[in-house]
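See below for the structure under consideration.
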Amino acid sequence: MDPEEVEFLGEKHLVSIVPSFTSESVHLIQGDYGPFRAGLPIRVPLWVAVNLKQQKRCRIQPPEWMDVDTLELIKTDEKLSRVFTKMPSEFYMVEVKQLLGCASDDIPRADEIRTIVKDIWDIRMSKLRSSIDLLVKNHEMYAAVDNLTMMEINSMRPLLPHALDHIYRMKTFQPNVGSQSQTMSFSTHSRVSTSFQS
Amino acid sequence: MDEDTDDILNNIIDDDDDANIQMTPAELIQKMEEIWINEKFAPELLPHEQEIVDLVLSQISAMEDNVETLPSADFKKGFYQLEIDRIRFVVTSYLRHRLEKIETYVLHVLKEDEEREEAYLSEAEQQFALKYKEALEEHFDNATMFYPGLPFEDWKSNFVRPNMNSFVFLKAKSNVEGVVVDRGQGDDNEIVDIKAGSQMLISYKGVSDLIKKGDLRLI
């Protein structure tokens, strides 16, 4: 899965905007948003908000968790905790990237926020790497990955599932008489494809 | 104008006699995305969801007709168009993944479908699979015909099967008990319970039924 597809999924998240125009509601298939009154905040999907902002028709309000103090707290929690803590939003990376990309003037201290979120991401990534190390060393066959966001899970594809697949094959390898070591043939006459999708 | 849109959208869902699925358009799109991601990450072909796809496509075409009647100076028209494009991307990606799987595993898929009572292939996909199989046979026969009597590996009995042991990330929608995890060394099988809302990385083999039933979804 590409990072863009994770972004696509994250763009459905609702975010608060303050429109600078007045109009009646928009009836999208996914729901009705509106009516829009200039100056009154309203919640719309992220892709609508980014689009409106690019047309300079609204101001974006940062989500509650997107300020320096809250993020500092989250970062300390993450550093101290041995497991993954729950992130304020399932798609925090996507929101940060999109909102800071197009609306950095609406969000106070945007650069600091960017740095802190990157720090949080790095901490979680290193935790992920060490726990994967443990997973592989102990030949575990499954793992609980609660509190990991989709972007982080996606960064491990296709490497981690593929590696576990190889470990499993090595565990269950039964050498047949006359079989080639290349084709890892099982006792039935069929060829199993390697992991096919990333 | 917008009341008409609402009416039309509601009518399409209500008048559809074939589908005994009653859901709001928002739920329908949510379900479509879920099916898309499931199909993307599952190593085998999942049962087809042709009713949902048809409903979504009818929603899109209704919305497209509506958008045409709007004055083009209205900037909101862009949003309708954007949303139509987004939904269409999901549907086409879903259908493309299915076609990719059918093409890779064509013999296996056709054989499994004969033995199963509820086919995983929709009618159009079945025709595609049969035609693709015939085209493949013809191609291989022509390619190896240059020397009669040349022994070659009988490709038709040597299927390409999907890898059911590949690992997938999943999220549980409800509590599941008794998922068997094959540890791969002898009969050392572990039984795992999964709580609702938790995420796991696990071998596909043990969870394929639950995914098809809908208790788990892939992420």
Side-chain angles (χ1 to χ4, degrees), chain A residues 1 5 8-9 11-12 21 23-34 36 44-45 47-48 51-52 55 57 132 135 139-148 150 153-154 156-157 160-165 167-173 186 188-198, chain B residues 2 5-6 9 24-26 28-30 33 37 40-43 59-60 63 74-76 78-80 82-84 86-87 89-90 93 97 100-101 104-105 108 157-169 179 181-185 190 192 194 197-203 206 219:
Chain A
M1 182 176 235
E5 288 173 350
F8 176 81
L9 288 170
E11 280 172 348
K12 283 194 321 166
F21 61 95
S23 92
E24 59 220 24
S25 13
V26 169
H27 298 275
L28 295 175
I29 298 180
Q30 277 173 325
D32 302 332
Y33 301 105
F36 297 91
V44 292
W47 59 274
V48 176
N51 208 273
L52 278 176
Q55 294 176 28
R57 286 178 187 272
I132 286 177
L135 180 72
H139 302 308
E140 294 289 339
M141 276 294 121
Y142 67 97
V145 291
D146 296 338
N147 292 337
L148 269 185
M150 266 196 91
I153 292 178
N154 194 53
M156 290 291 125
R157 277 194 260 256
L160 178 59
H162 198 81
L164 288 173
D165 187 37
I167 294 178
Y168 180 77
R169 286 191 197 203
M170 286 194 280
K171 273 195 201 175
T172 56
F173 179 55
F186 294 39
T188 56
H189 286 291
S190 48
R191 190 159 64 83
V192 175
S193 68
T194 56
S195 53
F196 151 73
Q197 175 52 271
S198 50
Chain B
D2 289 315
T5 324
D6 242 0
L9 288 176
T24 66
L28 179 68
I29 306 293
Q30 184 63 30
E33 284 186 5
I37 301 195
K40 197 177 172 55
F41 292 128
Q59 291 273 8
I60 294 182
M63 189 57 102
D74 198 357
F75 68 91
K76 292 204 295 293
F79 293 129
Y80 292 112
L82 253 181
E83 202 200 13
I84 290 175
R86 284 173 68 94
I87 299 176
F89 164 68
V90 173
S93 185
H97 282 301
E100 204 179 348
K101 283 186 202 173
T104 321
Y105 306 126
H108 172 84
S157 60
N158 213 349
F159 289 9
V160 182
R161 275 189 304 123
N163 181 11
M164 298 295 269
N165 295 316
S166 65
F167 283 80
V168 290
F169 288 96
V179 177
V181 179
D182 181 10
R183 295 201 56 133
Q185 272 157 346
E190 251 182 86
V192 179
I194 312 182
S198 66
Q199 300 172 175
M200 303 234 18
L201 166 64
I202 203 167
S203 167
I219 52 173

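Chain letters run A, B, ... following the sequence lines, proteins first, then strands; residues in each count from 1.
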Given 3.5 Å as the limit, does a donor-acceptor pair link the side chain of B:Gln199 with the main chain of A:Leu148, or not?
yes
Restricting to non-hydrogen atoms, name the atom on [X] and the atom on [Y] that form the minimum distance, rounded to 0.1 Å.
X	Y	value
A:Ile29	B:Glu83	N-OE1, 2.9 Å
A:Trp47	B:Leu82	CZ3-CB, 3.5 Å
B:Glu33	A:Gln30	OE2-NE2, 4.2 Å

What part of A:Leu135 lies closer than 4.5 angstrom to a heavy atom of chain B: side chain, backbone, both or neither?
side chain
At a 4.5 Å cut-off on heavy atoms, which part of A:Glu11 comes close to chain B: side chain, backbone, both, or neither?
both
If you count heavy-atom pairs under 4.5 Å between each of A:Ile153, A:Ile167, A:Asn147 and chain B, which one has the most?
A:Ile153
Under 4.5 Å, counting heavy-atom pairs only, tell me which of A:Asn51, A:Val145, A:Leu52 racks up the most with chain B.
A:Val145
A side-chain contact here means heavy atoms from C-beta on lying under 4.5 Å apart; do [X] and [Y] qualify?
X	Y	result
B:Tyr80	A:Leu28	yes
A:Tyr33	B:Phe79	no
A:Leu160	B:Phe169	yes

Taking side chain as everything from C-beta outward and backbone as N, CA, C, O, which of these in [X] sits under 4.5 Å from a heavy atom of chain A? Side chain, backbone, both or neither.
X	answer
B:Val168	neither
B:Ile87	side chain
B:Ile37	side chain
B:Ile219	both

Using the ring pair (Phe, Tyr, Trp, His ring centres under 6.0 Å) criterion, which residues pair with A:Phe36? Sequence neighbours excluded.
A:Phe21
[X] [atom1] to [Y] [atom2] distance, which is reported to the nearest 0.5 Å:
X	Y	atom1	atom2	value
B:Arg86	A:Lys12	CZ	NZ	8.0 Å
A:Asp165	B:Ser166	CG	OG	6.0 Å
B:Asn165	A:Lys171	CG	NZ	11.5 Å

